[in-house]
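I have placed the structure first, in the form of structure tokens, so that the comments after it can refer back to it.
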Amino acid sequence: MLIGGIQKMTLIDYPSKVAAIIFTVGCNFRCRFCYNVKLVDESLFKEIETIDEKEIIEFLKTRIGKLEAIVITGGEPTMQSDLKAFILKIKKMGFLVKLDTNGTNPDVISDLLNRKIIDYIAMDIKNELTESDYTKIVNRVIDMENIKKSIDIIMKSGIDYEFRTTVAPGVSRENIKNIVKTIKGAKKYYLQEFQAGDVLDNQCKKDKWLSKEELDEIAEEIKNSFGECKAR
Ligand code: SF4
């Protein structure tokens with residue numbers, strides 16, 4: 001596992017659990033709004049002090065009984081060839097595992113679910129599920145079928161999950177309404193406000209984006225399509 005960082009405690013990243021977050025290096029998307037720039041931009045990888053997996057495992061051993069869960073995020077964790085082996089080590093220590101993913105590797109997601117080694121999955125839905133809408137946000141040519149497959153696998157998984165959209169410049173009300181048509185009936189859907197901090201493409205801050213108030217309004221309109229839906 002190529003690990004670029006660890007947050008030793010969080011109360012907000014795994015619902016209702018005390019957790020740590022592990023950040024993997026590398027991503028197959030280039031979302032304009034991405035704030036994990038060093039984990040995504042290869043030219044900045046040399047600035048990252050990667051952490052040896054053994055060191056992480058030793059640290060986690062000291063947290064048994066103190067932490068309840070481990071969140072694996074990125075970058076895009078499903079790009080790591082030894083993700084499954086790493087999760088197995090974490091599960092052996094008794095932690096719950098949450099996986100954050102962009103949904104580009106449905107086979108990896110399916111394998112982890114079949115082996116029952118993840119307890120919660122959060123998938124980003126970057127935009128309406130057409131190639132042109134998606135590409136303009138993620139800046140990569142992608143196979144939309146993989147994204148749709150991941151959505152389907154997760155909705156049928158039986159584990160706890162959430163979908164979420166960062167409503168960045170380029171994502172419109174209309175786009176959100178069309179996302180809703182695709183994931184109607186999902187357990188949870190969150191609209192995340194774009195944060196104009198240090199992002200991958202600082203130019204995107206010159207474009208308009210929907211405000212938190214507008215997202216609250218949209219969440220109210222669409223909430224009946226989901227078990228839970230809110231703007232955050
Ligand atoms: S936001 Fe997530 S999927 Fe997009 S580039 Fe950043 S790490 Fe990758």
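Counting starts at 1 for both ligands and their atoms, following the listed order. All values below come from the heavy atoms of this structure, side chains included, with hydrogens, waters and symmetry mates left out. The residues of the chain are indexed from 1 along the displayed sequence.
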(message) I'd like to know if the side chain of Ser172 pairs up with that of Asn175 as donor and acceptor (distance under 3.5 Å, no hydrogens or angles considered).
(response)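 There is such a pair between these side chains.
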(request) Please determine, by modelled atom types, if Thr165 and Gln192 share a side-chain donor-acceptor pair under 3.5 angstrom. (result)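 No, no side-chain donor-acceptor pair sits under 3.5 Å.
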(message) By the definition ring pair (Phe, Tyr, Trp, His ring centres under 6.0 Å), identify the one residue from Tyr161, Phe95, Tyr14 that meets it with Tyr120.
(response)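 Of the listed options, the one satisfying the test is Tyr14.
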(request) Flag the pair Lys212 and Glu193 as a salt bridge only when some basic side-chain nitrogen lies within less than 4.0 angstrom of an acidic carboxylate oxygen. (result)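 Looking at Lys212 and Glu193, the cut-off is not met.
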(request) With sequence neighbours left out, write down each residue that passes side chain to side chain donor-acceptor pair (under 3.5 Å) with Glu145, or none if nothing qualifies. (result)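 In terms of side chain to side chain donor-acceptor pair (under 3.5 Å), with neighbours along the sequence ignored, Glu145 is linked to no residue.
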(message) Short of 2.8 Å from atom 8 (Fe) of ligand 1, name each protein N/O/S atom, waters not counted.
(response)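 Listed by chain and number: Cys27 SG.
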(request) Please report which non-hydrogen protein atom sits nearest to atom 2 (Fe) of ligand 1, along with the residue it belongs to and the distance in Å to one decimal place. (result)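 Going atom by atom, the protein heavy atom closest to atom 2 (Fe) of ligand 1 ends up being Lys126 NZ, 3.8 Å.
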(message) Over 60° means perpendicular and under 30° means parallel, so tell me whether Phe194 and Phe33 are parallel, tilted or perpendicular.
(response)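 Perpendicular, since the angle between the ring planes exceeds 60°.
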